[in-house]
Asker: 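Sharing a structure here in structure tokens format.
Sequence positions, counted from 1, serve as the residue numbers for this chain.
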Amino acid sequence: MLSLTNIKIVLIETSHTGNMGSAARAMKTMGLSQLCLVNPIIKPDSQSISLAAGASDIIKNAQIVSSMQEAIADCELVIGTSARSRHLQWPHLEAYESGDKIINEVQQGHKVALVFGRERVGLTNDELQKCHYHVSIPANPDYSSLNLAMSVQVLCYEIRRAMLLRIDHPKQPIEENAYPKDIDLERFYQHLEQCLIKTGFINIHHPGQIMSRLRRLFTRARIEQQELNILRGILTSIDKQQ
């Protein structure tokens, strides 16, 4: 059977420990086990253990980190959950498509992060820009409010559905070139910003707007490892001319 251990469910700044437990329960019913909590407002407690209802091992083994960057550093694919917006142009996956995409990546040995935002406000724009794809659940437009754990349940189900379909109808994953880990992309962005400041292309005091657009461009393109190596080489050659 395909292993789902390379899939990480990331919850950002969760404010209710009961939601952590319910999310862990939702994960375990679908065969997922890797939970990462980013800067939780309250650390897991007895309520989270209680609502985990048999999935307390996931809560107890949850990774707790201080930033989304730290949570996704070792991942080649990052998918962020968001209400679909017609105003934010970004690669978008339907819920069922996200399961197929994730399983294809796992078959290639890639690590995947599926990121969920805060209960009330979801993910920030900066956080969404760190994701290669956005995924939304096609809920009733007249009442689309989904509890965090419900959202985790739906998307974990789509992952399991895709996994079982792949087992029943085996096929080779769609071969794609190697992708860099998020931490390597961050090093590239830092190098790019330093280079653009040195050349005077961006103002050292106001680099944010241009860098945000460049991050969005490269994230949307989802550059491959060889392409990243070329870009780093170009920046290094510019550095030598300074």
Side-chain angles (χ1 to χ4, degrees), residues 4 6-14 23 27 32 34-40 63 65-106 108 110-139 144 146 148 151-152 154-156 158-159 162 176-190 192 208-209 211-225 227-228:
L4 302 182
N6 272 1
I7 304 170
K8 183 187 301 186
I9 301 298
V10 179
L11 307 184
I12 294 185
E13 294 185 355
T14 309
M27 289 170 59
L32 284 86
Q34 305 302 311
L35 175 63
C36 181
L37 304 174
V38 177
N39 194 28
Q63 179 188 17
V65 299
S66 59
S67 68
M68 176 177 169
Q69 199 62 60
E70 187 177 353
I72 65 175
D74 62 343
C75 296
E76 287 91 353
L77 175 66
V78 181
I79 299 177
T81 56
S82 174
R84 187 168 191 177
S85 170
R86 295 183 183 274
H87 304 292
L88 186 61
Q89 298 300 317
W90 204 264
H92 180 269
L93 297 171
E94 298 296 343
Y96 73 92
E97 292 176 319
S98 70
D100 295 332
K101 181 68 175 173
I102 288 170
I103 290 301
N104 190 71
E105 296 277 331
V106 168
Q108 297 179 75
H110 296 166
K111 290 189 176 181
V112 179
L114 182 56
V115 186
F116 296 81
R118 301 151 190 82
E119 287 96 336
R120 290 180 61 83
V121 297
L123 296 170
T124 66
N125 285 338
D126 285 344
E127 289 162 349
L128 285 169
Q129 287 190 1
K130 294 181 185 296
C131 303
H132 298 103
Y133 296 92
H134 296 171
V135 60
S136 59
I137 297 171
S144 59
L146 279 173
L148 172 62
S151 299
V152 172
V154 169
L155 293 180
C156 285
E158 291 295 352
I159 293 171
E176 297 173 333
N177 293 324
Y179 293 108
K181 296 183 185 301
D182 186 79
I183 192 172
D184 295 323
L185 285 171
E186 278 304 309
R187 293 189 182 112
F188 162 67
Y189 292 134
Q190 292 170 14
L192 177 61
Q209 185 172 7
M211 284 307 303
S212 292
R213 289 183 177 275
L214 288 173
R215 279 175 172 265
R216 182 179 175 187
L217 185 156
F218 287 117
T219 302
R220 187 172 64 244
R222 200 184 178 196
I223 58 176
E224 299 164 359
Q225 183 64 56
E227 294 168 337
L228 181 63

Asker: Give the minimum heavy-atom separation between C131 and E127, together with the two atoms involved.
Answerer: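 Here C131 and E127 meet closest at SG-O, 3.5 Å.
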Asker: Which distance, rounded to the nearest 0.5 Å, do you find between the CG of N39 and the CE of M68?
Answerer: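 N39 CG to M68 CE: 13.5 Å, rounded to 0.5 Å.
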Asker: Ion pair present between R215 and E186, side-chain N to carboxylate O less than 4.0 angstrom?
Answerer: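 Here R215 pairs with E186 in a salt bridge, since their nearest N and O are under 4.0 Å apart.
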Asker: Is any side-chain heavy atom of L192 less than 4.5 Å from a side-chain heavy atom of M211?
Answerer: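 Yes - at least one pair of side-chain heavy atoms lies under 4.5 Å apart.
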Asker: List the steps and the verdict of side-chain contact (heavy atoms from CB on, under 4.5 Å) for L228 and Y179.
Answerer: CA-CA 9 Å; L228 181 63; Y179 293 108; over 6 Å; no
Asker: Looking at A71, is its backbone amide N or carbonyl O close enough to the side chain of K8 to form a donor-acceptor pair, meaning the two atoms are under 3.5 Å apart?
Answerer: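 Yes, K8 side chain to A71 backbone: donor-acceptor pair under 3.5 Å.
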Asker: Test your reading of the model: is there a side-chain donor-acceptor pair from T219 to the backbone of H132, 3.5 Å cut-off?
Answerer: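 Not a single qualifying donor-acceptor pair exists.
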Asker: Find the distance between CD (Q108) and CD (E76) and round it off to the nearest 0.5 Å.
Answerer: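 It is 10.0 Å, given to the nearest 0.5 Å.
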Asker: Please check if the side chain of Q34 supplies one atom and the backbone of I7 the other of a donor-acceptor pair under 3.5 Å.
Answerer: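 It does not hold such a pair.
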Asker: Holding to ring pair (Phe, Tyr, Trp, His ring centres under 6.0 Å), I want the full list of residues that pass it with F188, two or more places apart in sequence or in another chain.
Answerer: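 Counting only residues at least two positions away or on another chain, F188 forms a ring pair (Phe, Tyr, Trp, His ring centres under 6.0 Å) with F218.
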Asker: If we only count heavy atoms from C-beta on, is the I159 to I103 side-chain gap below 4.5 Å?
Answerer: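 Side chain of I159 against side chain of I103, heavy atoms only: contact under 4.5 Å found.
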Asker: Atom CG of L123 and atom CD1 of I12: how far apart are they, to the nearest 0.5 Å?
Answerer: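 Rounded to the nearest 0.5 Å, the CG-CD1 separation comes out at 5.0 Å.
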Asker: Do you know the tightest heavy-atom contact between E158 and Y96?
Answerer: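 Looking at all heavy atoms of both residues, the closest pair is OE1-CA, 3.4 Å.
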Asker: Could you grab the distance from atom CD of E13 to atom CD of E119, nearest 0.5 Å is fine?
Answerer: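 CD of E119 is found 10.0 Å from CD of E13.
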Asker: Using side chain to side chain contact (heavy atoms under 4.5 Å, CB included) as the criterion, point out the one residue from V38, V115, L37 that pairs with L11.
Answerer: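 Of all the options given, the one that passes is L37.
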Asker: May I ask you to test the T81-S151 pair for a side-chain heavy-atom distance under 4.5 Å?
Answerer: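 Side chain of T81 against side chain of S151, heavy atoms only: no contact under 4.5 Å found.
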Asker: Compare every heavy atom of E224 with every heavy atom of P180, then report the nearest pair and how far apart it is.
Answerer: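 Smallest heavy-atom distance, with atoms named: CD-C, 3.8 Å.
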Asker: Just do the side-chain contact (heavy atoms from CB on, under 4.5 Å) check on S98 and L155 with the steps written out, would you?
Answerer: CA-CA 8 Å; S98 70; L155 293 180; 4.0 Å; yes
Asker: Enter the distance from S212:OG to Q129:CD here, rounded to the nearest 0.5 Å.
Answerer: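 The distance works out to 5.5 Å.
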Asker: Would you check if H110 and N104 make a side-chain contact, meaning some heavy-atom pair closer than 4.5 Å?
Answerer: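 No, every pair of side-chain atoms sits at 4.5 Å or beyond.
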Asker: Measuring from C75:SG to L114:CG, what's the distance to the nearest 0.5 Å?
Answerer: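 Interatomic distance, C75 SG to L114 CG, rounded to 0.5 Å: 10.5 Å.
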